[in-house]
Amino acid sequence: MGRTVVVLGGGISGLAASYHLSRAPCPPKVVLVEASERLGGWIRSVRGPGGAIFELGPRGIRPAGALGARTLLLVSELGLDSEVLPVRGDHPAAKNRFLYVGGALHALPSGLRGLFRPSPPFSKPLFWAGLRELTAPRGKDPDETVHSFAQRRLGPEVASLAMDSLCRGVFAGNSRELSVRSCFPSLFQAEQTHRSVLLGLLRGAGQSPQPDSALISQARAERWSQWSLRGGLETLPQALNTHLTSRGVRILRGQPVCGLSLQADRRWKVSLGDSSLDADHVISAVPASVLGKLLPAEAAPLARALSAITAVSVAVVNLQYRGARLPVQGFGHLVPSSEDPGVLGIVYDSVAFPEQDGSPPGLRVTVMLGGSWLQTLEARGAVLSQELLQQQAQEAAATQLGLKEPPSHCLVHLHKNCIPQYTLGHWQKLEAATQFLASQRLPLTLAGASYEGVAVNDCIESGRQAAARVLGSEPNS
Ligand SMILES: Cc1cc2nc3c(=O)[nH]c(=O)nc-3n(C[C@H](O)[C@H](O)[C@H](O)COP(=O)(O)OP(=O)(O)OC[C@H]3O[C@@H](n4cnc5c(N)ncnc54)[C@H](O)[C@@H]3O)c2cc1C
């Protein structure tokens with residue numbers, strides 16, 4: 001009889017792992033176990049009035065680089081090419097990004113010429129930050145916070161305005177706590193290898209081998225900055241579900257895994273409440289802290305390393321306005337923590353993807369709330385009511401974008417612990433986990449947003465790599 005691989009978690013990472021396992025020439029028996037009734041994890045698209053699409057999680061996927069290309073390949077393999085909504089390079093949502101500082105929106109410079117012009121809120125043209133970067137010595141520490149790295153190489157203004165905002169936009173996190181080595185590995189590596197990030201990025205550009213397809217070529221030719229799918233990004237996990245079912249993958253929904261135990265024959269017993277599954281190998285694509293609680297006592301060192309990978313919450317407030325206009329056209333704006341501790345930024349969904357505005361069309365924006373404001377309230381055990389979050393988001397839309405009329409439609413979701421935080425020393429937690437898995441030869445492989453990248457592309461890649469390791473019969477990751 002063939003091997004059985006049980007995949008824990010039906011988010012995009014677990015779905016991608018199952019997909020790649022199921023396409024092997026001699027596929028193992030694959031069982032995907034998901035706690036909720038829905039697949040897709042944080043990827044969730046909801047239809048509103050007039051068919052408008054509201055993304056409750058990710059809303060755009062970047063096509064750049066080898067990982068971006070691999071995701072596009074997956075999209076084509078699933079037959080979704082005609083559903084893709086691209087944001088082409090010449091579109092305002094590709095060119096314009098803003099910072100909200102000092103009560104005003106400021107366009108971030110785009111293109112080389114922009115670097116030489118005065119660009120408020122920065123006191124000097126960003127060219128000077130670039131010059132500083134080119135001449136700064138290489139850092140000596142094995143890891144550093146994003147803030148310290150940016151301050152050392154680019155100066156205090158870029159660190160406290162641009163990098164602070166970027167960390168809030170991508171990780172909903174604090175640049176003074178997040179690790180540059182783990183959150184922005186290409187910047188860290190560029191400095192290590194070439195002494196300067198700018199030199200490293202220039203020399204390293206376009207060197208990684210990339211897959212090719214008609215869709216990937218189109219994305220390159222049209223310089224897409226991101227893409228979505230006509231019915232929302234949840235179409236991707238839905239298509240994966242259909243594909244997996246057709247390949248004979250058993251998908252169990254509404255079945256939270258409640259424990260893992262290793263049997264005498266070194267096979268896993270995966271406990272599902274009142275039943276269990278036997279597995280030759282387990283791929284875990286649940287959050288690290290969840291896996292930490294599922295592991296048996298003999299894996300306590302691994303459980304400790306995994307439990308130390310924490311995550312933060314984000315409140316996503318989707319707003320739609322009838323007959324309203326934005327003061328600027330672009331992808332959206334970010335808000336540094338010094339400006340507002342609670343509003344991470346606002347995405348102008350209608351600019352990037354007007355096709356999802358519904359009929360009659362209405363302006364869609366999404367306010368992301370989080371940061372120290374939310375953390376403090378959560379720590380105090382405060383009641384985070386829908387009304388409080390909606391009011392906070394509407395106020396931000398009114399103050400920052402002039403959207404003063406009440407929205408015609410509003411969705412409020414508080415996503416608890418939704419974004420893993422790669423804090424200083426994250427790499428050591430990964431190393432401890434990898435070493436334990438290798439030394440114990442545990443038939444367990446880790447995938448998902450908790451480890452090496454939170455973007456959808458990173459998660460899909462983690463699933464692909466986990467499947468490759470299992471198929472290559474390597475004992476673990
Ligand atoms: C608000 C928000 C906006 C984002 N925006 C973007 C964006 O624009 N672009 C981008 O690229 N990325 C974005 N991301 C990041 C990206 O969406 C996530 O990192 C990614 O979807 C995580 O996928 P995952 O499969 O690793 O984890 P998850 O989506 O967390 O999936 C894990 C799954 O495991 C299940 N599970 C948990 N416990 C158990 C258990 N005991 N037994 C069985 N199953 C269990 C869960 O129910 C879940 O389905 C965003 C994330 C959030 C939260």
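Whatever order the structure lists ligands and atoms in, that order sets their numbers, starting from 1. When a residue number appears, it is its place in the shown sequence, counting from 1. Not measured: the values here are computed from a predicted model.
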For this session: With side-chain contact (heavy atoms from CB on, under 4.5 Å) as the test, would you mind laying out the steps for Glu77 and Arg23 before giving the verdict?
Result: CA-CA 11 Å; Glu77 287 164 1; Arg23 286 169 60 97; 3.6 Å; yes
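Taking all heavy atoms of Thr366, Val454, Val290 into account, the minimum distance to atom 38 (N) of ligand 1 is reached by Val290. Which of Arg59, Glu55, Arg44 comes nearest to atom 8 (O) of ligand 1 through a heavy atom is settled by distance: it is Arg59. Across the listed options Gly41, Gly9, Ala285, Ser289, Ala285 owns the non-hydrogen atom lying nearest to atom 32 (C) of ligand 1. When the heavy-atom distances from atom 9 (N) of ligand 1 to Gly60, Ser450, Gly254 are ranked, the shortest goes to Gly60. Nearest to atom 33 (C) of ligand 1 by heavy-atom distance, out of Gln255, Arg62, Glu34, is Glu34.
Shortest contact from atom 24 (P) of ligand 1 to any protein heavy atom: Ser13 OG, 3.3 Å. For atom 51 (C) of ligand 1, the closest heavy atom belonging to the protein is Ile419 CD1, 4.1 Å. Among protein heavy atoms, the minimum distance from atom 7 (C) of ligand 1 is reached at Pro58 CB, 3.4 Å. For atom 41 (N) of ligand 1, the closest non-hydrogen atom on the protein side is Val257 O, 3.1 Å. The protein heavy-atom contact nearest to atom 43 (C) of ligand 1 is Ala35 N, 3.3 Å. For atom 23 (O) of ligand 1, the closest heavy atom belonging to the protein is Ile12 CG2, 3.6 Å.
Residues Thr235 and Glu83 have side chains that never bring a donor and an acceptor to within less than 3.5 angstrom of each other. Between the side chains of Gln391 and Glu395, at least one donor-acceptor pair of N or O atoms lies under 3.5 Å. Side-chain contact, Gln226 with Ser228: no donor N or O sits under 3.5 Å from an acceptor N or O.
Looking at heavy atoms from C-beta onward, Val31 lies out of side-chain contact with Val270 at the 4.5 angstrom threshold. Under the 4.5 Å side-chain criterion, counting only non-hydrogen atoms from C-beta, Leu401 is in contact with His333. Looking only at side-chain heavy atoms (C-beta outward), Arg70 and Arg464 come within less than 4.5 Å of each other. Inter-residue side-chain proximity for Val365 and Leu326 is flagged as met; some heavy-atom pair is nearer than 4.5 Å. Looking at Leu384 and Leu374, their side chains come closer than 4.5 Å, going by heavy atoms from C-beta outward. At a threshold of 4.5 Å between non-hydrogen side-chain atoms, the residues Lys429 and Thr423 count as touching. Trp268 is not listed as a side-chain neighbour of Gln263, based on a closest heavy-atom distance of 4.5 Å or more.
Checked by distance only, ligand 1 and Val456 come closer than 3.5 Å through their nitrogen or oxygen atoms. Backbone and side-chain nitrogen or oxygen atoms of Leu294 are examined, and none is located within less than 3.5 angstrom of a nitrogen or oxygen of ligand 1. Where the criterion is an N or O separation shorter than 3.5 Å, residue side chain and backbone included, Ala449 meets it with respect to ligand 1. On a distance-only criterion, Trp42 and ligand 1 share at least one N/O pair closer than 3.5 Å.
The contact set between ligand 1 and Gly448, taken as ligand atoms under 4.0 Å from a residue heavy atom, comprises 26 (O). For ligand 1, the atoms closer than 4.0 angstrom to any heavy atom of Gly11 are 25 (O), 31 (O), 33 (C), 49 (O). Per-residue contacts place Cys418 under 4.0 angstrom from the following atoms of ligand 1 (heavy atoms of the residue considered): 53 (C). Within ligand 1, counting atoms from 1 as listed, the ones closer than 4.0 Å to a heavy atom of Val316 are 1 (C). Atoms of ligand 1 lying under 4.0 Å from any heavy atom of Val286, numbered from 1 in the order shown and given with element: 34 (O), 36 (N), 37 (C), 38 (N), 39 (C), 44 (N), 45 (C). The Pro256 neighbourhood of ligand 1 comprises atoms 42 (N), with distances under 4.0 Å to a heavy atom of that residue. Listed by atom number, the atoms of ligand 1 under 4.0 Å from Val33 heavy atoms are 43 (C), 44 (N).
By the criterion of a heavy-atom distance under 4.0 Å, the side chain of Cys459, and not its backbone, is placed next to ligand 1. Of all the heavy atoms of Ile61, none lies under 4.0 Å from any atom of ligand 1, so neither backbone nor side chain is involved.
Counting only heavy atoms, the protein gets under 4.0 Å from atom 49 (O) of ligand 1.
Here the closest non-hydrogen pair linking Ala94 and Arg88 is CB-O, 3.3 Å. Closest approach of Ala397 to Leu319, counting heavy atoms only: CB-CD1, 4.1 Å.
Looking at Asp278 and Lys29, no side-chain N of the basic residue comes within less than 4.0 Å of a carboxylate O on the acidic one, giving no salt bridge.
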Please set out all donor-acceptor pairs under 3.5 angstrom arising from side-chain atoms of residues 164-172, sequence neighbours excluded.
from	atom 1	to	atom 2	distance (Å)
Asp164	OD1	Ser337	N	2.8
Asp164	OD1	Ser337	OG	3.3
Asp164	OD2	Ser337	OG	2.6
Ser165	OG	Leu161	O	2.5
Arg168	NE	Val335	O	2.7
Arg168	NH2	Val335	O	3.4
Arg168	NH2	Asp340	O	2.7
Arg168	NH2	Val343	O	2.8

